[in-house]
Amino acid sequence: MRTLIKSVLLESEPRQGVTVKGWVRTRRDSKAFSFLELNDGSCLGNLQAVVDVGTPGWEQLPHMTTGASIVIEGNLVPSPAAGQKWELRATRVELVGLADTTYPLQKKGHTTEFLRTIAHLRPRSNLYGAVFRVRSRLAYAVHQFFQERDFVYVHTPIITASDCEGAGEMFRVTTLKGNIEEKPETDFFGKKAYLTVSGQLEGETFACALSNIYTFGPTFRAENSNTARHAAEFWMIEPEMAFCDLQGDMDLGEAFIKAMAKHAVEHCAEDLGLFAKFVDKELLSRLQFVIDRPFVRVPYTEAVEILKKSGHTFEFPVEYGQNLQSEHERFLTERHFKSPTTVFNYPKEIKPFYMRQNDDGKTVTAMDVLVPGIGEVIGGAQREERLDHLLENMRFHKLDPKDYWWYVDLRRYGSVPHAGFGLGFERLLMFLTGIPNIRDVIPFSRTPGNADF
RNA sequence: UCCAGAGUAGCUCAAUGGUAGAGCACGCGGCUGUUAACCGUGGGGUUGUAGGUUCGAGCCCUACCUCUGGAGCCA
C-alpha cells in the first residue's frame, strides 16, 4: 500500500516495507548505489532513497531522471548523513513514467515568469507545490471560520442577468450568433446575461432569511486590468450579516484576516518557511504582527487629513471626495500606521448605491481593509436598509429601481440593518504567502489576452 | 488602456556597429554516503517578428508581438 511522503517523514520509528510513489526530483549516482530524491506533493520535503546496485528494478535507474514517476519499496531507516532524518533503503524500484531530456524543470531555481509558461508542470516545483497546498488549506479554513460561527454557505449564481452591479465590466454570456446586441430577447435566457462580478445582491436576500451567510466562489471581471493584483477570474468570499452594522462588519473582517493568518502559521509552517526564505523575508514577523495586534481604524476624512499633513509629496494630490490612490493607501499602511488599516465612512459620491447613508448626509458606511504590500483586500459596507433612502440613492446613481425590483423588495418586507463585505481570496493568499503576483497563487490564471491551459 | 524597461542556447545572463560566449541543464567518461554533489569532455543559436539605415546590425531607426515593473479600474 502506498504511503504519502508527508507521513513517512513524520515517522518516529524505523519501519519495514514502506512503499512510496512520486516524481524524481534528483538522482546522484555512486559506484555501488544511487541516491534518489522523491517528491509526491504531499509536503515540501523530499524522501531520499538509497538504491544499491543489484536491487530489483535497478537496471531502470538510468531512466529515473528528474521528472520521471517511480515506485520505491524499502525500509525506512535513520539517515547516517546530515540533511535528512530518514532515508529509504530500497528493496525494489519501478519506473512508471519516463521524463525525457526535454523535461523543462531543472533542479535549480526558475523564474516565476518562466514557470507561468508551463503552468501544467509548475505545481511540481517547490514554490508552486507550497502555494497550492496553502491555497487548499486556507480554502478549508475559510469554511471552518464561517461554519464555526453559524454562517450558512450560499451558492450564488455564476450567471446573472443583473445588468449593472457596479463592480466593473462584465463578461457577456450568450448563445446568439452574429450581432448579439440585436435581439437579446431571443437569447438563451430571454435577456442579456453575464458572468457574475459579485454575489452580494443575491447574498443579501439569503442574509435577510438565514441571518448570517457567506459565499465562496468564482467571480469574473472583464476589466482590461494588467497588474499583479488583478485577474479576470478569481475567487471571492462574501459574508453578509442581518442585524449587523458597520462596526460589526469591520469586526468580522478583522477577525477573519487574523484567523486566516493564524491558521496558516499553525498548519502551513513548512510551506511558509519556504516563502520566508525565498520570497519574503519579513513574512513570518508580519503574520505574527497581524495575529497579535488590532488593525488601525480610521475614518476616510481623517485619513485624508493625515495624508495632507504628512508633508510627503504624492504624485497625485490628496483631495477630499477623491478615491485614495495606491500611493496614498501604501503610505497609510506601510509608512504611517505600519499596520493593516481599515478606512471607513467614505464620501457617498465615490461609492455604490447600496451603501447606507450616514446622518451627516455626506458619507456612506463603506469600509476598505488595506494591507501593506497589496492594498485593498476587503471592500464592504453596511447596506442601506431604508426603502426611501435606497430609492434616493438609486436615483442619485442614475439606476432604475425596476431593474432591482427584488433587491428593493427586501426593504419592503421585514427590512433589517445588515452588512457584509467582499474579500479576494487570491489577494488574501498573496498577503499570507508574500507571493507578489496574483498569477502565481491561482492554478491557471486568466488575464487579458491569456486563457491558456 | 497609459508610462517605463526587457526580449540572445532548454533556463539565467554576457557580448565598443566588425568571427555570438559563459554558468546551469542535457550527452559521454571519471570520482564520491551524496545533499542546487564534484572533475573532465561534447553537442546545442534564423539574437521576439517584419521592414529600414550601413561596406557590415544582437547592438542604430520604425512598426508590431510578448513579458516585467508602475498607474487607472477593483477584490
Side-chain angles (χ1 to χ4, degrees), chain A residues 25-37 45-52 62 65-67 77 79-84 87 89 99-118 121 125-126 165-169 196-200 215 218-238 253 278 314-316 322-330 350-352 368-371 374-380 421-431 436-442 447-450 452:
Chain A
R25 279 298 174 80
T26 178
R27 193 187 80 223
R28 293 178 292 273
D29 294 323
S30 185
K31 201 161 229 163
F33 51 85
S34 289
F35 295 103
L36 272 174
E37 281 196 43
N46 301 328
L47 176 63
Q48 172 169 286
V50 184
V51 185
D52 288 320
T65 53
T66 303
V77 299
S79 178
Q84 58 283 315
E87 66 184 27
R89 297 293 310 203
D100 71 16
T101 59
T102 62
Y103 185 67
L105 285 172
Q106 300 170 12
K107 300 173 202 174
K108 297 200 174 186
H110 285 294
T111 61
T112 49
E113 289 84 0
F114 169 68
L115 290 165
R116 268 175 229 150
T117 68
I118 49 167
L121 296 174
S125 68
N126 285 337
E165 294 184 19
E169 288 295 311
T196 183
V197 292
S198 166
Q200 180 200 316
T215 74
T219 307
F220 307 87
R221 302 279 166 91
E223 299 286 349
N224 189 13
S225 298
N226 218 314
T227 79
R229 303 176 295 284
H230 289 85
E233 176 183 302
F234 63 99
W235 283 61
M236 190 149 68
I237 297 152
E238 295 182 289
F278 293 111
F314 296 102
E315 193 187 340
F316 297 92
Q322 300 291 308
N323 266 310
L324 297 178
Q325 305 282 324
S326 287
E327 56 173 342
H328 304 149
E329 296 179 351
R330 205 175 287 152
I350 57 174
K351 289 294 179 182
D368 287 350
V369 178
L370 314 174
V371 297
I374 289 154
E376 185 178 342
V377 71
I378 285 181
F421 60 78
L423 177 143
F425 186 50
E426 285 75 18
R427 287 196 185 167
L428 177 69
L429 288 173
M430 291 167 72
F431 182 58
N437 197 310
I438 197 168
R439 299 174 187 96
D440 298 322
V441 295
I442 191 163
T447 51
N450 193 345
D452 292 335

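A, B, ... follow the sequence lines: proteins, then strands. Residue 1 opens every chain. If you're wondering where the values come from, they're calculated on a predicted model, not measured in any experiment.
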Between A:L115 and A:L105, is any pair of side-chain heavy atoms under 4.5 Å apart?
-> yes
Separation of A:T215 OG1 from A:E238 CD (nearest 0.5 Å) = 4.0 Å
Is A:P80 touching bases, backbone alone, or none of the nucleic acid, heavy atoms closer than 4.0 Å?
-> base
Give the rounded distance in Å between these two atoms: NE2 of A:H230 and P of B:rG70.
-> 12 Å
Would you mind classifying the nucleic acid contact of A:Q325 as base, sugar-phosphate or nothing, using non-hydrogen atoms under 4.0 angstrom?
-> sugar-phosphate
A:N226 near the nucleic acid: base, sugar-phosphate alone, or nothing, with a heavy-atom cut-off under 4.0 Å?
-> base
Separation of B:rC31 C1' from A:F33 CZ (nearest whole Å) | 12 Å
Under 5.5 Å between ring centres and under 30° between planes: does that hold for A:F35 against the base of B:rG33?
-> no
For A:R439 and B:rU68, give me the distance from atom CZ to atom P, rounded to whole Å.
-> 5 Å
Is a side-chain donor or acceptor of A:H328 paired with a backbone partner of A:F316 at a separation under 3.5 angstrom?
-> yes
Would you say A:R116 reaches B:rU68's phosphate, i.e. side-chain N/O to OP1/OP2 under 4.0 Å?
-> yes
Nucleotide paired to B:rC38 in any strand shown, Watson-Crick or G-U, under 3.5 Å = B:rG30
Take the protein atom CZ of A:F234 and the nucleotide atom P of B:rC74, then report the distance between them rounded to whole Å.
-> 12 Å
base_contact_polar (B:rA75 base, A:R221 side chain, donor-acceptor, <3.5 Å) = yes
Looking for any heavy atom pair under 4.0 Å, which part of the strands does A:E87 touch: base, sugar-phosphate only, or nothing?
-> base
Regarding the side chain of A:R229, the nearest nucleotide among B:rU35, B:rC11, B:rC73 is B:rC73
So what's B:rG17 paired with, Watson-Crick or G-U wobble, going by both distances under 3.5 Å?
-> none
Close side-chain approach of A:R439 and A:N450, heavy atoms under 4.5 Å | no
Taking only the side-chain nitrogens and oxygens of A:S225, find out if one of them lies under 4.0 Å from OP1 or OP2 of B:rG72.
-> no
May I ask you to verify if any side-chain N or O of A:K107 is less than 4.0 angstrom from the OP1 or OP2 atom of B:rA37?
-> yes
Phosphate OP1/OP2 of B:rU35: any A:Q48 side-chain N/O under 4.0 Å = no
To the nearest Å, how far apart are A:I438 CD1 and B:rC74 P?
-> 16 Å
With sugar-phosphate meaning primed atoms plus P, OP1 and OP2, does A:I378 contact a base, only sugar-phosphate, or nothing at under 4.0 Å between heavy atoms?
-> sugar-phosphate
Sugar-phosphate, base or nothing in reach of A:T111, heavy atoms under 4.0 Å = sugar-phosphate
A:D368 or A:P62, whichever maps to the more 5' nucleotide of RNA chain B | A:P62
Does A:Q106 reach the side chain of A:T66, with side-chain heavy atoms less than 4.5 Å apart?
-> no
Go ahead and name the base partner of B:rG44; Watson-Crick or wobble counts if both distances stay under 3.5 Å, otherwise write none.
-> none
Have a look at A:Q106 and say if it touches a base, only the backbone sugar-phosphate, or nothing, with a 4.0 Å heavy-atom cut-off.
-> base
Spacing between A:R89 atom CZ and B:rU34 atom P, to the nearest angstrom | 14 Å
Can a side chain N or O of A:R330 be found less than 4.0 Å away from OP1 or OP2 on B:rA71?
-> yes
May I ask you to say what A:S326 touches in the nucleic acid, namely base, sugar-phosphate or nothing, with a heavy-atom cut-off under 4.0 Å?
-> sugar-phosphate
Nucleotide B:rC11, atom P - distance to CG of A:L121 in whole Å = 14 Å
Within the structure, does a side-chain N or O atom of A:N224 lie under 4.0 Å from either OP1 or OP2 of B:rC2?
-> no
Give a yes/no on whether any side-chain N or O of A:T26 is located under 4.0 angstrom from OP1 or OP2 of B:rA37.
-> yes
In terms of the angle between their ring planes, are A:F35 and A:F33 parallel, tilted or perpendicular, with boundaries placed at 30° and 60°?
-> perpendicular
Please state how far atom CD in A:E223 lies from atom C1' in B:rG72, giving the value in whole angstrom units.
-> 10 Å
Find the distance between OG1 (A:T65) and CG (A:D100) and round it off to the nearest 0.5 Å.
-> 8.0 Å
